[in-house]
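Since the structure comes first, as structure tokens, the remarks are kept for the end.
Letters A, B, ... are given to chains in the order of the sequence lines, protein chains preceding strands, and every chain is numbered from 1.
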Number of protein chains: 2
Amino acid sequence: MEKTNKILDAALKLFVEYGFHGTPTSKIAQEAGVANGTLFNKFKTKDDLIVALFVDIELRMSKFVEENSKETTSFKDTFKELYFASLYWIIDNKIEFRFVQQFKTSPFLSLIAPEEIEKAHKPICELLQKGIEAGVIKPLPVDYLVMLISSLIYGLNDYLIKNEFSKPKQHAVISDTFDLLWDMIT
Amino acid sequence: MEKTNKILDAALKLFVEYGFHGTPTSKIAQEAGVANGTLFNKFKTKDDLIVALFVDIELRMSKFVEENSKETTSFKDTFKELYFASLYWIIDNKIEFRFVQQFKTSPFLSLIAPEEIEKAHKPICELLQKGIEAGVIKPLPVDYLVMLISSLIYGLNDYLIKNEFSKPKQHAVISDTFDLLWDMIT
DNA sequence: TTTAAAATTGACTAATCAGTCAGCAAAAGT
DNA sequence: ACTTTTGCTGACTGATTAGTCAATTTTAAA
């Protein structure tokens, strides 16, 4: 494994556990098994590391969702694919998602251009636009729809974490929530 | 104004701007116009201050919602009162709400007993329970319903901040969102 | 093999921070 | 008026931190 990735990995783990400022760079280097100086060789500053980690995670999530949601002939099914892929990534990458949440509510968010943050919403935006044009989805502003959908996904994720359901039960809750969501936007 | 409140006020402002660890206690004392030592006289540690601030804000929000939502004879109207009061408090107390969001996604959350966090949801839980018993609300788990409602409120708040609508337009969006929410849970 | 370039190291530093404490000031009690 | 209690102050400290850099190792090139 590349040292850069080892550092990102260690940083992720420690940031989620102790917070951004609560985690010294020396601890990150130690956890990653590299020297103190190597960290600053790979990332100019600690802030750079934090931002790089955020961008990396967003990219990994986008890639997963893209690769794991098949395009189908039915609009509803395509939308469902996207919904499930997103949720499954979040569920399987709890720590990554906690970091993203922490980052997005922190002052570090201002270090990133708004376009960069929006980028993750691009596939869903495009799909919704098509849905509206096809008359399937209610003709509401796309960013409003994205808000409705993503807040529901985030909330559902928190709910699933709090209640440790069995896999089938979990799947049922996710599926039922999709139906509620679908009824809401169509 | 009490010195304790001045400290809480200064801390709130600075925490939201620079983050928890990014804000030195010395700056908080300075901003509050009190001596360094006074801060530690009022709050044993910095962590104590952070937790006290969170509890204080949650209390203020609960009090506002309670005082500004009239009980009506119609279940729907009572529910609507609660929904609007919550949203209006959040909109008028953006900084407080940003702090709450930052706190809830931070490792500091573990310093608080889960019951303390749930306490803010008590009124809505009770109301929903009644609504289910009266056959108005879908018979879903109450904490699931609370999740649906609060995630929508949080999302809507973010949406309203991003799009700086005029007051009437803002009210219209809030009202329309209520209708979507109502259809979803009944 | 020799040489040059690139990556890695960890001891080091200047700065910063949370929390202390001896003393001062203001109330409150007698 | 005198004493006691309480609240407040800010200079101080020991510990910690982000980031540096000269020296060393590893890799690549000739």
Side-chain angles (χ1 to χ4, degrees), chain A residues 1-57 99 102-112, chain B residues 1-57 95 98-99 102-112:
Chain A
M1 197 181 195
E2 295 291 329
K3 297 208 168 177
T4 303
N5 282 327
K6 275 189 189 173
I7 292 168
L8 287 171
D9 237 49
L12 170 65
K13 188 183 151 188
L14 293 170
F15 284 151
V16 169
E17 189 166 357
Y18 303 107
F20 298 121
H21 290 93
T23 307
T25 51
S26 55
K27 279 253 168 59
I28 297 171
Q30 195 182 28
E31 175 83 21
V34 302
N36 225 306
T38 304
L39 190 149
F40 288 96
N41 211 308
K42 304 291 183 183
F43 305 94
K44 235 173 71 183
T45 64
K46 190 182 176 181
D47 280 14
D48 274 12
L49 166 60
I50 293 170
V51 168
L53 183 53
F54 175 77
V55 172
D56 178 61
I57 290 173
F99 173 85
Q102 217 168 304
F103 183 91
K104 281 193 177 176
T105 59
S106 80
F108 288 102
L109 183 65
S110 62
L111 297 178
I112 300 215
Chain B
M1 201 182 195
E2 297 289 329
K3 299 208 166 176
T4 304
N5 282 326
K6 277 189 186 169
I7 293 168
L8 286 170
D9 238 50
L12 170 64
K13 189 184 150 186
L14 294 169
F15 284 150
V16 167
E17 191 166 357
Y18 303 108
F20 298 122
H21 290 93
T23 307
T25 52
S26 56
K27 280 253 167 58
I28 298 171
Q30 196 182 28
E31 174 84 21
V34 302
N36 223 307
T38 305
L39 191 151
F40 288 97
N41 211 307
K42 304 291 183 183
F43 306 95
K44 239 173 68 185
T45 65
K46 190 182 179 182
D47 281 14
D48 273 13
L49 166 61
I50 293 169
V51 168
L53 183 55
F54 175 77
V55 171
D56 178 61
I57 291 173
I95 299 175
R98 286 205 57 196
F99 173 85
Q102 215 167 305
F103 183 91
K104 280 193 178 176
T105 58
S106 80
F108 287 102
L109 184 63
S110 62
L111 296 179
I112 301 218

Can you tabulate the close N/O pairs, meaning under 3.5 Å, that link protein atoms to atoms of nucleotides 15-19 of chain C?
unit_1, atom_1, unit_2, atom_2, d
dA18(C), OP1, Lys46(B), NZ, 2.5
dA18(C), OP2, Thr25(B), N, 2.7
dA18(C), OP2, Thr25(B), OG1, 2.9
dG19(C), OP2, Lys46(B), N, 2.8

Between the protein and nucleotides 4-8 of chain C, list every N/O to N/O distance that falls short of 3.5 Å.
unit_1, atom_1, unit_2, atom_2, d
dT8(C), OP2, Lys42(A), NZ, 2.9
dT8(C), O3', Lys3(A), NZ, 3.4

With side chains defined as the heavy atoms from C-beta onward, is the minimum distance between Asn5(B) and Leu8(B) less than 4.5 Å? yes

What pair of heavy atoms forms the shortest contact from Gln102(A) to Pro107(B), and how long is it? NE2-CD, 3.9 Å

Below 4.5 Å, heavy atoms only, C-beta onward: do Phe99(A) and Ile57(A) meet side chain to side chain? yes

What residues form a salt bridge (Lys or Arg N to Asp or Glu O under 4.0 Å) with Asp48(A), not counting sequence neighbours? none

For Asn41(A), give me all partners under side-chain hydrogen bond (donor to acceptor under 3.5 Å, both in side chains), at least two apart in sequence or on another chain. none

Exercise answer: donor-acceptor pairs, residues 14-30 of chain A side-chain atoms, under 3.5 Å, sequence neighbours excluded:
unit_1, atom_1, unit_2, atom_2, d
Thr23(A), OG1, Leu14(A), O, 3.1
Thr23(A), OG1, Gly19(A), O, 2.7

Who are the salt bridge (Lys or Arg N to Asp or Glu O under 4.0 Å) partners of Lys13(A), not counting sequence neighbours? Glu31(A)

I need the full list of salt bridge (Lys or Arg N to Asp or Glu O under 4.0 Å) pairs touching residues 34-47 of chain B, with sequence neighbours left out, sorted by first then second residue. none

Of all nucleotides in DNA chain D with an atom under 4.0 Å from a non-hydrogen atom of chain A, which is the first and which the last going 5' to 3'? dT17(D) to dT20(D)

Partners of Phe103(B) by ring-ring contact (aromatic ring centres under 6.0 Å, His included), sequence neighbours excluded? Phe54(B)

Contacts of Thr105(A) that satisfy side-chain hydrogen bond (donor to acceptor under 3.5 Å, both in side chains) - sequence neighbours left out: Thr105(B)

